[in-house]
*Asks:* 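The following block contains the structure, expressed as structure tokens.
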Amino acid sequence: MRRRTLALATASGAALLAAAALPATAQPAAPRATPAAGLQEGSVSAADLLAKLKGCSQLSNGKYRTDEETSATVPVCGKNGAVFWKADMDVDCDGQTTSKCNADTDPWYQDDTAFRQSNGKPLNAEKLPYVVVPSSSGIWNYASAGIKGGGVVAVIYNNQVEYAVVGDTGPDKIIGEASYAAAKGLGINPDPENGGADSGVTYVLFKNSKASPIESHADAVSRGDALAKKFLQDN
């Protein structure tokens, strides 16, 4: 889990100074708000999923923080066939060492993930959209809720739906984190040090689901689309 508050504030201040220095005819580049061209993530819309996620039947014994310095405001909620939470997105680069995810690009980098590929290697955060779940604690135990490594997740942001897998575990009191690839696919700055989204991200984890193999994003999308359709029918 990333402590991004200071870094984001610094980045925002730098951006304002840069914008002020531009000539009147120039404008700062607009942030990318849509996924990369060609990204297809199933047929169920964000609006249809969000319509089923109003209110919260709280499953967790208490609430989570979104960062170390924030108060605990995020509950884990239950629905038929899924659990969900609404939080921020910090960027996780843990797993295989790549050009984007390594000890130089990420001050918190670890070269392993709680769940691994079918060949035994750690997951590749740069290429695979995955979500981080809080480590089991008195607040909530993900395994007892039917959530497992490789479980399929619908990540909703800015009217987009991206499918991911449960790929790693994080601190037991903090929630709201996903891989470099997950952030990039949703048009969120994937920089592990100062990227991410401060709010507006909904995570829907489908119970007793699993992509096979865990590293196949295509399988997660296929299963996710079917699970999302069933979720709409059952809720």
*Asks:* Run the side chain to side chain contact (heavy atoms under 4.5 Å, CB included) test against Lys86 and tell me which residues pass, sequence neighbours left out.
*Replies:*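 Result, side chain to side chain contact (heavy atoms under 4.5 Å, CB included) vs Lys86: Leu53, Phe84, Thr202.
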
*Asks:* Can you tell me which residue pairs pass the side-chain hydrogen bond (donor to acceptor under 3.5 Å, both in side chains) test with a partner in residues 132-148, sequence neighbours excluded?
*Replies:*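 Only Ser136-Asn141 qualify under side-chain hydrogen bond (donor to acceptor under 3.5 Å, both in side chains).
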
*Asks:* If you measure from CD on Glu193 to OG1 on Thr105, what distance do you get to the nearest 0.5 Å?
*Replies:*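 Answer rounded to 0.5 Å: 9.0 Å.
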
*Asks:* In chain order, what residues pass the salt bridge (Lys or Arg N to Asp or Glu O under 4.0 Å) check against Asp112, with sequence neighbours excluded?
*Replies:*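 Counting only residues at least two positions away or on another chain, Asp112 forms a salt bridge (Lys or Arg N to Asp or Glu O under 4.0 Å) with Arg116.
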
*Asks:* For Asp104, check side-chain hydrogen bond (donor to acceptor under 3.5 Å, both in side chains) against everything at least two apart and list the hits.
*Replies:*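 With sequence neighbours excluded, Asp104 shows a side-chain hydrogen bond (donor to acceptor under 3.5 Å, both in side chains) to no residue whatsoever.
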
*Asks:* If only atom types and distance count, is the side chain of Asn102 paired as donor or acceptor with the main-chain N or O of Thr98 below 3.5 Å?
*Replies:*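 Yes; judged by distance alone, with no hydrogens or angles, the pair exists.
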
*Asks:* Please confirm whether the backbone N or O of Asn235 pairs with a side-chain atom of Lys52, one donor and one acceptor, at under 3.5 Å?
*Replies:*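 Yes, because the side chain of Lys52 sits within donor-acceptor range (under 3.5 Å) of the backbone of Asn235.
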
*Asks:* Without hydrogens or angle criteria, can the side chains of Glu41 and His217 be said to hold a donor-acceptor pair below 3.5 Å?
*Replies:*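 There is such a pair between these side chains.
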
*Asks:* Report the residues that fulfil salt bridge (Lys or Arg N to Asp or Glu O under 4.0 Å) with Lys230, sequence neighbours left out, ordered by chain and then residue number.
*Replies:*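 Testing Lys230 for salt bridge (Lys or Arg N to Asp or Glu O under 4.0 Å), a comparison that skips the adjacent residues, returns Asp234.
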
*Asks:* Enter the distance from Gln117:CD to Leu123:CG here, rounded to the nearest 0.5 Å.
*Replies:*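 Going from the CD atom of Gln117 to the CG atom of Leu123 covers 6.0 Å.
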
*Asks:* Please name all residues satisfying side-chain hydrogen bond (donor to acceptor under 3.5 Å, both in side chains) with Tyr180, sequence neighbours left out, ordered by chain then number.
*Replies:*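 For Tyr180 there are no side-chain hydrogen bond (donor to acceptor under 3.5 Å, both in side chains) partners, ignoring immediate neighbours.
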
*Asks:* Who pairs with Lys121 by salt bridge (Lys or Arg N to Asp or Glu O under 4.0 Å), at least two apart in sequence or on another chain?
*Replies:*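 Testing Lys121 for salt bridge (Lys or Arg N to Asp or Glu O under 4.0 Å), a comparison that skips the adjacent residues, returns none.
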
*Asks:* What residues, two or more places apart in sequence or in another chain, satisfy side-chain hydrogen bond (donor to acceptor under 3.5 Å, both in side chains) together with Ser222?
*Replies:*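 Result, side-chain hydrogen bond (donor to acceptor under 3.5 Å, both in side chains) vs Ser222: none returned.
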
*Asks:* Look at the side chain of Asn158 and the backbone N and O of Gln160, then say whether any donor-acceptor pair between them is shorter than 3.5 Å.
*Replies:*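 Side chain of Asn158 to backbone of Gln160: no pair is present.
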
*Asks:* Could you verify whether a donor N or O on one side chain and an acceptor N or O on the other, from Glu215 and Ser118, lie under 3.5 Å apart?
*Replies:*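 Their side chains do contain a donor-acceptor pair, which is all the 3.5 Å distance test asks for.
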
*Asks:* With Ala72, which residues qualify under side chain to side chain contact (heavy atoms under 4.5 Å, CB included), at least two apart?
*Replies:*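 Listed in chain order: Lys63, Arg65.
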
*Asks:* Going by the rule side chain to side chain contact (heavy atoms under 4.5 Å, CB included), which residues pair with Ala181 if we only count those two or more places apart in sequence or in a different chain?
*Replies:*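 Pro129, Ser179.
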
*Asks:* Please round to the nearest 0.5 Å and tell me the distance separating atom CD1 of Ile139 and atom CG of Leu59.
*Replies:*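 Between Ile139 CD1 and Leu59 CG, I get 13.5 Å after rounding to 0.5 Å.
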
*Asks:* Name all residues meeting the side-chain hydrogen bond (donor to acceptor under 3.5 Å, both in side chains) criterion together with Ser212; count only those two or more places apart in sequence or in a different chain, and write none if there are none.
*Replies:*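 Ser212: no side-chain hydrogen bond (donor to acceptor under 3.5 Å, both in side chains) contacts found.
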
*Asks:* In Å and rounded to the nearest 0.5 Å, what is the CD to CG distance from Glu162 to Leu186?
*Replies:*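 If I round to the nearest 0.5 Å, the distance is 4.0 Å.
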
*Asks:* Nearest 0.5 Å, what's the CD1-CG distance between Ile156 and Leu49?
*Replies:*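 It is 4.5 Å, given to the nearest 0.5 Å.
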
*Asks:* Examine the side chains of Asn124 and Glu126 and answer whether a donor and an acceptor come within less than 3.5 Å of each other.
*Replies:*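 No, Glu126 and Asn124 have no side-chain donor paired with an acceptor closer than 3.5 Å.
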
*Asks:* Gln110: what forms a side chain to side chain contact (heavy atoms under 4.5 Å, CB included) with it, not counting sequence neighbours?
*Replies:*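 In terms of side chain to side chain contact (heavy atoms under 4.5 Å, CB included), with neighbours along the sequence ignored, Gln110 is linked to Asp94.
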
